[in-house]
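One structure is given below, encoded as structure tokens.
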2 protein chains.
Amino acid sequence: MMVSSNPAGKRCVNPPSERTVERLSRYRYLLHELKVEGVGYVFSHALAEMAAVSAAQVRQDMMAVGYSGTPVQGYEVEKLLAALEEFLEVPEGKDVALVGVGNLGLTILKSLVEYPTPLRLSVAFDVDWRLVNRQVQGCWCYPVEQLVAVVRERQIPIGIVAVPPKAAQEVADLLCEGGVSGILNCAPLRLRVPEHVYVSNLNIMVALEKVSYFAHRNRARMECPARERMKA
Amino acid sequence: MMVSSNPAGKRCVNPPSERTVERLSRYRYLLHELKVEGVGYVFSHALAEMAAVSAAQVRQDMMAVGYSGTPVQGYEVEKLLAALEEFLEVPEGKDVALVGVGNLGLTILKSLVEYPTPLRLSVAFDVDWRLVNRQVQGCWCYPVEQLVAVVRERQIPIGIVAVPPKAAQEVADLLCEGGVSGILNCAPLRLRVPEHVYVSNLNIMVALEKVSYFAHRNRARMECPARERMKA
DNA sequence: ATGGTCTTGTTACGAAATTAACAGCGTTTG
DNA sequence: CAAACGCTGTTAATTTCGTAACAAGACCAT
Ligand SMILES: NC(=O)c1ccc[n+]([C@@H]2O[C@H](COP(=O)([O-])OP(=O)(O)OC[C@H]3O[C@@H](n4cnc5c(N)ncnc54)[C@H](O)[C@@H]3O)[C@@H](O)[C@H]2O)c1
Ligand SMILES: NC(=O)c1ccc[n+]([C@@H]2O[C@H](COP(=O)([O-])OP(=O)(O)OC[C@H]3O[C@@H](n4cnc5c(N)ncnc54)[C@H](O)[C@@H]3O)[C@@H](O)[C@H]2O)c1
């Protein structure tokens, strides 16, 4: 028994899926909120309610983390939060580089400073001379020509691509050359990167069109006996 | 044979999953790009490459749409695009209401006007008196007090919640009272809505933390024989 | 103390989604 | 004209995912 709780090599057993990690990230945020509110313990079904998942899902996810709660009192908020933070920990470092300080870039920059995450947006890059060589929201903005050097020097492991689509691939190449191992891509195209670099794509429009589709569909569900969904 | 191609009641057969609709939305964008570039035909594996999915996945998705390509030439870009647009069509209307014209709201507003989608951001709402009763990016911004009336009057089916977390539930209640059937929620909490209202949550931080986790994990994959991924 | 009532941890099952395989059919080429 | 090739449409298989069910354990009331 007691899987996935070996102190050192935890990440070789039971590799969690992307979905699982997404949920763990949400749990972490919710637990942070609970801690701020002074809540000491939380049940799996309460956490499930907050995260819009099932209680069984929460418990199974906790199994992946390796944290055990006490049967009747539930999970101790602080302990579980600490366990999650350790599980999501990045040995490589918590620094993030933002490329493209436009509308979206600035939004991300601003929201990262107030979001409770170990990740820290350390540096930003842009081509616009009006934006570079100055502090933006407590984050220094370099000209993009210095990207490779700075990212390599500071060993920044993660980059955010928030530039227009035409410049996205070029910027991604620079980030990879600088040695990042993960990229959050906000441009609506597929980035071509070396195999060891992980890429996640973010597209608000896709999310919006999904809402559009299912909004209509859900309303018409009384005339068409689709399977039940939205269980709350 | 020939499933899911009944002209009128298409959406009662083979209900597509959320994942499927997300992919269809991406295909639609990619096909739009191809059309602009003057490309006439596209193969399933080419589209798959662009969308970062498998060719079999593309073909199966096309089956859900009900569009058939020609065996050797592939899919006709314009025809397939039209089929996708018809499939994703919303009989209720294409109007979207944005609530909260702050950093994120403005970003969405600006990017929606240049993104090729049938959805149109018709109206915006905010509490800030400096933002309301004027045009923002070609979109009129009302005070939030008029939300229910305007949304109901214009029968707007979709709302975007881009306000601070503390105001999110309140705003969602107003949207539901106005009669929307779908909400894109950008606040990091679960909205409580009537059962017939579809909600999709968007959280950039979760995406970023996912990148953080798997970035580290992928780089260490040569010492730990995880299953192969990122197949390109 | 002890029985009852809650929880969690874990296993097993069912559903869903992705991948693989193959038959059908234009197109093209010799 | 025939035959081989290449891509699609569809079905089948596999793998992944989520849920349900249940044994074990802590607390509480009596
Ligand atoms: N994922 C989404 O849902 C979503 C939403 C909005 C925007 N976007 C995308 O995000 C990207 C940025 O959008 P935006 O609205 O912030 O655009 P923007 O024009 O406001 O900002 C782009 C910034 O990138 C900078 N830039 C341009 N070329 C550069 C280069 N080669 N190197 C470094 N910096 C460079 C520009 O100077 C500008 O500051 C676009 O690709 C857009 O499609 C995505
Ligand atoms: N999903 C993400 O990844 C992501 C990223 C950034 C921000 N956010 C979230 O989006 C929301 C907005 O972020 P932001 O950076 O744009 O904040 P912001 O403060 O810049 O903008 C909020 C806007 O909402 C308006 N507002 C406040 N209360 C309102 C009310 N009751 N009715 C109508 N309007 C109201 C404010 O006047 C302001 O214009 C926040 O909940 C934030 O957490 C999410």
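In what follows, every heavy atom counts, from backbone to side chain, and hydrogens, waters and symmetry copies are set aside. A note on names: the letters A, B, ... follow the listed sequences, proteins ahead of strands, and every chain is numbered from 1.
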Rounded to the nearest Å, what distance is computed from the [atom1] atom of residue [X] to the [atom2] atom of nucleotide [N]?
X	N	atom1	atom2	result
Arg23(A)	dG18(D)	CZ	C1'	8 Å
Arg19(B)	dT16(D)	CZ	P	13 Å
Met63(B)	dT19(C)	CE	C1'	13 Å
Glu18(A)	dG18(D)	CD	P	12 Å
Gln57(B)	dT16(D)	CD	P	15 Å
Glu22(A)	dG18(D)	CD	P	10 Å
Asp61(B)	dA17(C)	CG	C1'	10 Å
Glu76(A)	dC27(D)	CD	C1'	16 Å

Below 3.5 Å between N/O atoms, which protein atoms pair up with nucleotides 2-7 of chain D? Just atom names and distances, please.
from, atom 1, to, atom 2, distance (Å)
dC7(D), O4', Pro71(B), O, 2.7
dC7(D), O2, Pro71(B), O, 3.2

Kindly write out the residues that satisfy side chain to side chain contact (heavy atoms under 4.5 Å, CB included) with [X], not counting sequence neighbours, or none if the list is empty.
X	result
Thr107(A)	Asn103(B), Leu104(B), Thr107(B)
Asn203(A)	Pro188(A), Met205(A), Val206(A), Tyr115(B)
Arg120(A)	Asp95(A)

For residues 165-177 of chain B, please give each side-chain donor-acceptor pair under 3.5 Å, one per line with the distance, not counting sequence neighbours.
from, atom 1, to, atom 2, distance (Å)
Gln169(B), OE1, Arg192(B), N, 2.8
Gln169(B), NE2, Asp173(B), OD1, 2.8
Gln169(B), NE2, Arg192(B), O, 3.0

Return no unless some side-chain N or O of Ser54(B) is found under 4.0 Å from OP1 or OP2 of dT19(C).
-> yes
Do any N or O atoms from the side chain of Arg190(B) and from the backbone of Glu49(A) form a donor-acceptor pair under 3.5 angstrom?
-> yes
Tell me what Tyr41(B) touches on the nucleic acid: a base, only sugar-phosphate, or nothing, going by heavy atoms under 4.0 Å.
-> nothing
Provide the full list of ring-ring contact (aromatic ring centres under 6.0 Å, His included) pairs with a residue in residues 44-66 of chain B, sequence neighbours left out, each pair given once.
-> Phe43(B)-His45(B)
